[in-house]
J.: 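Here it is, the structure, as structure tokens.
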Amino acid sequence: MRILLLLLLTAPLLAQTNTDIYNPEAPELVLVWNRVGDVSAGLQSVEAAEFSPDGSLAVSGGKFGYKVMLWRVADGALLWESAHESEVECVTFSPDGRRIATGGEDYFLRVWDTETGEQLHGVEMEEAGFDGITWSPDGKYIVGGDELGNAVFFDGTTYDEVARIDCGSTINSLQFTQDGTRMVVGGNIQTPDPEGPGGNKYTGFAKVIDVASMEVVQDIGEQPGSIKSVRYSPDEKYFATGGFDNKARLFDAATGDLVREFTDSLKIEAVAFTPDGHYLATGGHDQAINFYRLADGELALRLPMARVEYIDFTDNGRMMLTSHEDSGLLSCYLLQSNTQSRGNYQQIADKQLNNRDLKDGH
């Protein structure tokens with residue numbers, strides 16, 4: 001009850017979004033907290049982490065401790081923890097924030113009650129686990145991307161499997177458009193190669209699925225490195241990919257044409273757009289998050305940190321959540337507003353405030 005009350009109290013405030021309050025030249029961030037999100041006697045890694053729809057909560061999945069953990073964003077308090085029987089690969093909230101879906105290497109899709117941490121349902125897959133997971137904006141589908149290349153659609157209420165789309169090879173990442181009509185998926189293609197790591201060669205792919213027809217309608221073609229992350233831009237004119245060839249690429253969402261490339265020094269694990277549309281953030285083995293300015297493609301900020309596995313922003317753009325390999329850290333940052341230097345503080349403040357003197361014209 002306490003968590004649901006917090007959701008109701010904070011939702012109106014967190015829903016307010018104004019892209020005019022941020023610095024368009026370089027983002028300004030402050031670390032709010034670090035937490036250990038994976039506890040193990042050996043290696044530690046948080047494979048995925050996402051904010052709740054209203055931004056008041058965050059969920060994380062541990063690689064070596066197998067834990068699903070729910071955190072309060074305001075102070076980093078751990079509210080509950082539960083577990084898979086092996087590595088947790090992916091996590092996501094339902095659109096109303098009341099449930100959490102997770103996928104693991106125990107070949108289970110599990111659904112949890114956000115308030116209590118109780119497992120509501122579990123679906124065991126026969127042949128492969130999920131590396132990526134997402135929930136459709138209307139709540140109708142939970143979609144898991146498995147290691148055999150299937151985008152598996154589950155009914156968001158009954159959890160029955162309703163469709164399975166073969167995308168060819170391992171799916172690492174998925175995201176719906178805001179209206180839920182399309183979904184971009186990205187992953188890696190594994191082919192035998194005696195000179196490759198483990199006797200294999202890894203390249204990448206990204207494809208777009210039309211949800212109504214349950215068919216792949218766009219394919220950008222084979223990419224030089226495994227694609228680990230895909231994301232739509234806030235206006236959905238573009239989608240970005242990040243991969244193990246050290247490249248993040250920006251594609252036209254309508255045509256699939258390559259628009260721009262961004263190069264990190266090492267492999268990229270995660271990409272995410274800031275909700276104001278100013279930057280594409282990339283993270284991975286470079287031990288930093290790089291913010292590339294979309295207006296000109298230049299690097300606006302390099303923010304040092306442990307190796308990055310996942311990046312997420314609140315819908316209003318105020319907070320950034322990052323999960324980390326090697327350290328097992330989960331980190332939360334605040335994106336500072338920049339209205340004082342831009343000279344528009346009072347104008348924006350007056351619109352946001354509910355003060356009686358402003359209403360009365362004093």
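The first residue in the sequence is number 1, and the count goes up from there. Only a predicted model underlies this, so the values are computations on that prediction, with no experimental measurement involved.
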J.: With a 4.0 Å cut-off, would you call Asp286 and Arg302 a salt bridge?
T.: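 Looking at Arg302 together with Asp286, the answer is yes, because their closest N to O distance falls below 4.0 Å.
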
J.: Let me know which of Ile189, Asp245, Asn188, Thr170 forms a side-chain contact (heavy atoms from CB on, under 4.5 Å) with Ser226.
T.: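 By the side-chain contact (heavy atoms from CB on, under 4.5 Å) criterion, Ser226 pairs with just one of Ile189, Asp245, Asn188, Thr170: Asn188.
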
J.: Would you indicate whether the side-chain heavy atoms of Val32 and Tyr333 approach each other to under 4.5 Å?
T.: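 The answer is no, as the side chains (C-beta and beyond) never meet within the 4.5 Å cut-off.
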
J.: Test Ser323 against every option in Val46, Ile311, Leu329 by the side-chain contact (heavy atoms from CB on, under 4.5 Å) rule and name the one that passes.
T.: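 Only match with Ser323 under side-chain contact (heavy atoms from CB on, under 4.5 Å): Val46.
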
J.: Treating Ile, Leu, Val, Met, Phe, Trp and Tyr as nodes and any side-chain heavy-atom pair under 4.5 angstrom as an edge, say whether Val162 and Ile171 lie in one connected cluster.
T.: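 Hydrophobic grouping puts Val162 with Ile171.
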
J.: Please test Thr177 against Glu236 for side-chain hydrogen bond (donor to acceptor under 3.5 Å, both in side chains), starting from the C-alpha separation and ending with a verdict.
T.: CA-CA 7 Å; Thr177 53; Glu236 298 183 346; 4.7 Å; no

J.: Taking all heavy atoms of Glu85 and all of Asp106, pick out the closest pair and write down the distance.
T.: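 Residues Glu85 and Asp106, closest heavy atoms: N-OD2, 3.0 Å.
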
J.: How close do Asn316 and Tyr22 get, counting heavy atoms only, and between which atoms?
T.: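 Taking Asn316 first and Tyr22 second, the nearest heavy atoms are O-OH, 3.2 Å.
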
J.: State whether a side-chain donor-acceptor pair under 3.5 Å links Arg231 with Ser173.
T.: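 Distance-only check passes for Arg231 and Ser173.
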
J.: According to a 4.5 Å side-chain heavy-atom criterion applied to Ile, Leu, Val, Met, Phe, Trp and Tyr, with indirect links allowed, do Val111 and Leu70 form part of one hydrophobic cluster?
T.: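 No, no single cluster joins them.
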
J.: Are Met305 and Tyr279 linked, directly or through other ILVMFWY residues, by side chains that come within less than 4.5 angstrom of each other?
T.: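 Met305 clusters together with Tyr279.
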
J.: Are Asp252 and Leu258 side-chain neighbours, meaning at least one heavy-atom pair lies under 4.5 Å?
T.: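 Asp252 does not reach Leu258 side chain to side chain.
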
J.: Just do the side chain to side chain contact (heavy atoms under 4.5 Å, CB included) check on Val184 and Lys207 with the steps written out, would you?
T.: CA-CA 6 Å; Val184 62; Lys207 300 179 181 182; over 6 Å; no

J.: Counting C-beta onward and ignoring hydrogens, is there a side-chain heavy-atom pair between Tyr66 and Asp38 closer than 4.5 Å?
T.: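 No, their side chains stay 4.5 Å or more apart.
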
J.: Does a donor on one side chain sit under 3.5 Å from an acceptor on the other, for Thr263 and Asn246?
T.: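 The answer is no; no qualifying pair exists.
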
J.: Looking at Cys167 and Val216, what are the two nearest heavy atoms and their distance?
T.: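 Where Cys167 meets Val216 most closely, the heavy atoms are SG-CG2, 4.4 Å.
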
J.: Would you please test Asp326 and Arg307 for salt bridge (Lys or Arg N to Asp or Glu O under 4.0 Å) and show each step?
T.: CA-CA 7 Å; Asp326 297 338; Arg307 280 174 57 166; 3.7 Å; yes

J.: Val68 versus Glu81: any side-chain heavy-atom pair under 4.5 Å?
T.: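 SC-SC contact between Val68 and Glu81 ruled out.
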
J.: Could you check whether Ser327 and Glu325, counting side-chain N and O atoms only, form a donor-acceptor pair closer than 3.5 Å?
T.: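 Glu325 vs Ser327: no donor-acceptor pair found between side chains.
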
J.: Within a strict 4.5 Å, meaning less than it, do heavy atoms of the Glu215 and Ile209 side chains meet?
T.: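 Sidechains of Ile209 and Glu215: no contact.
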
J.: Under 4.0 Å between a Lys/Arg side-chain N and an Asp/Glu carboxylate O for Arg293 and Glu298?
T.: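 Result for this pair is no, no salt bridge flagged.
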
J.: Does Glu105 reach the side chain of Glu147, with side-chain heavy atoms less than 4.5 Å apart?
T.: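 They are in contact (side-chain heavy atoms under 4.5 Å apart), so the answer is yes.
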
J.: What's the shortest heavy-atom distance between Lys140 and Ser136, and which atoms?
T.: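 The pair with the smallest heavy-atom distance is N-OG, 3.1 Å.
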
J.: Check the hydrophobic clustering (I, L, V, M, F, W, Y; side-chain heavy atoms under 4.5 Å; chains of links allowed) and say if Leu334 and Ile21 are grouped together.
T.: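 Not linked; separate clusters.
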
J.: Tell me whether Phe313 is reachable from Val308 by hopping between hydrophobic residues (I, L, V, M, F, W, Y) whose side-chain heavy atoms are closer than 4.5 Å.
T.: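 They do share one cluster, since a chain of ILVMFWY contacts under 4.5 Å joins Val308 to Phe313.
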
J.: Any side-chain donor-acceptor pair under 3.5 Å between Ser331 and Trp33?
T.: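 Distance-only check fails for Ser331 and Trp33.
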
J.: Is the backbone N or O of Val152 less than 3.5 Å from a side-chain atom of Asn150, with the two atoms forming a donor-acceptor pair by type?
T.: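 Answer holds: no.
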
J.: Does the Thr314 side chain pair with the main chain of Arg318, one donor and one acceptor, at a distance under 3.5 Å?
T.: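 Pair found, side chain donor or acceptor close to backbone of Arg318.
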
J.: Does the side chain of Val230 reach to within under 4.5 Å of the side chain of Phe239, using non-hydrogen atoms?
T.: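 They are not in contact (no side-chain heavy atoms under 4.5 Å apart), so the answer is no.
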
J.: Once the angle between the rings of Phe262 and Tyr292 is folded into 0 to 90°, is it parallel (under 30°), tilted (30 to 60°) or perpendicular (over 60°)?
T.: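 Ring orientation, 0 to 90° scale: tilted.
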
J.: Exactly one of Glu269, Glu50, Lys228 should register a side-chain hydrogen bond (donor to acceptor under 3.5 Å, both in side chains) with Tyr310. Which one does?
T.: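 With Tyr310 as partner, Glu269, Glu50, Lys228 yield a single side-chain hydrogen bond (donor to acceptor under 3.5 Å, both in side chains), made by Glu50.
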
J.: Do Phe251 and Thr241 touch side chain to side chain, with heavy atoms closer than 4.5 Å?
T.: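 Result yes, sub-4.5 Å side-chain heavy-atom pair found.
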
J.: Apply the test ring-ring contact (aromatic ring centres under 6.0 Å, His included) to residues His121 and Tyr159: give CA-CA distance (whole Å), side-chain angles for both, the deciding distance (0.1 Å), then the verdict.
T.: CA-CA 8 Å; His121 198 79; Tyr159 312 117; 4.9 Å; yes

J.: Between His285 and Phe244, does the ring centre distance come in under 6.0 Å?
T.: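 For His285 and Phe244, the ring centres are under 6.0 Å apart.
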
J.: Write down the atom of Leu321, the atom of Ala58, and the distance for their closest heavy-atom approach.
T.: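 Closest pair (atom of Leu321, atom of Ala58, distance): CD2-CB, 3.7 Å.
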
J.: Ser45 vs His324, test: side-chain hydrogen bond (donor to acceptor under 3.5 Å, both in side chains). Steps then yes/no.
T.: CA-CA 6 Å; Ser45 175; His324 301 274; over 6 Å; no

J.: Apply side chain to side chain contact (heavy atoms under 4.5 Å, CB included) to residues Met320 and Leu303 and explain how you reach the verdict.
T.: CA-CA 12 Å; Met320 178 179 76; Leu303 185 66; 4.2 Å; yes

J.: Please work out whether the ring planes of Trp112 and Trp80 are parallel, tilted or perpendicular, with thresholds of 30° and 60°.
T.: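 Because their plane-to-plane angle lies in the 30° to 60° range, the rings of Trp112 and Trp80 count as tilted.
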
J.: What verdict does the side-chain hydrogen bond (donor to acceptor under 3.5 Å, both in side chains) test give for Asp264 and Asn290, after you've listed the backbone C-alpha separation in whole Å, the side-chain angles of each residue and the deciding distance to 0.1 Å?
T.: CA-CA 8 Å; Asp264 283 6; Asn290 294 313; 3.1 Å; yes

J.: What are the two closest heavy atoms between Tyr232 and Arg182, and how far apart are they?
T.: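 Tyr232 and Arg182 have their closest heavy atoms at OH-CB, 4.2 Å.
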
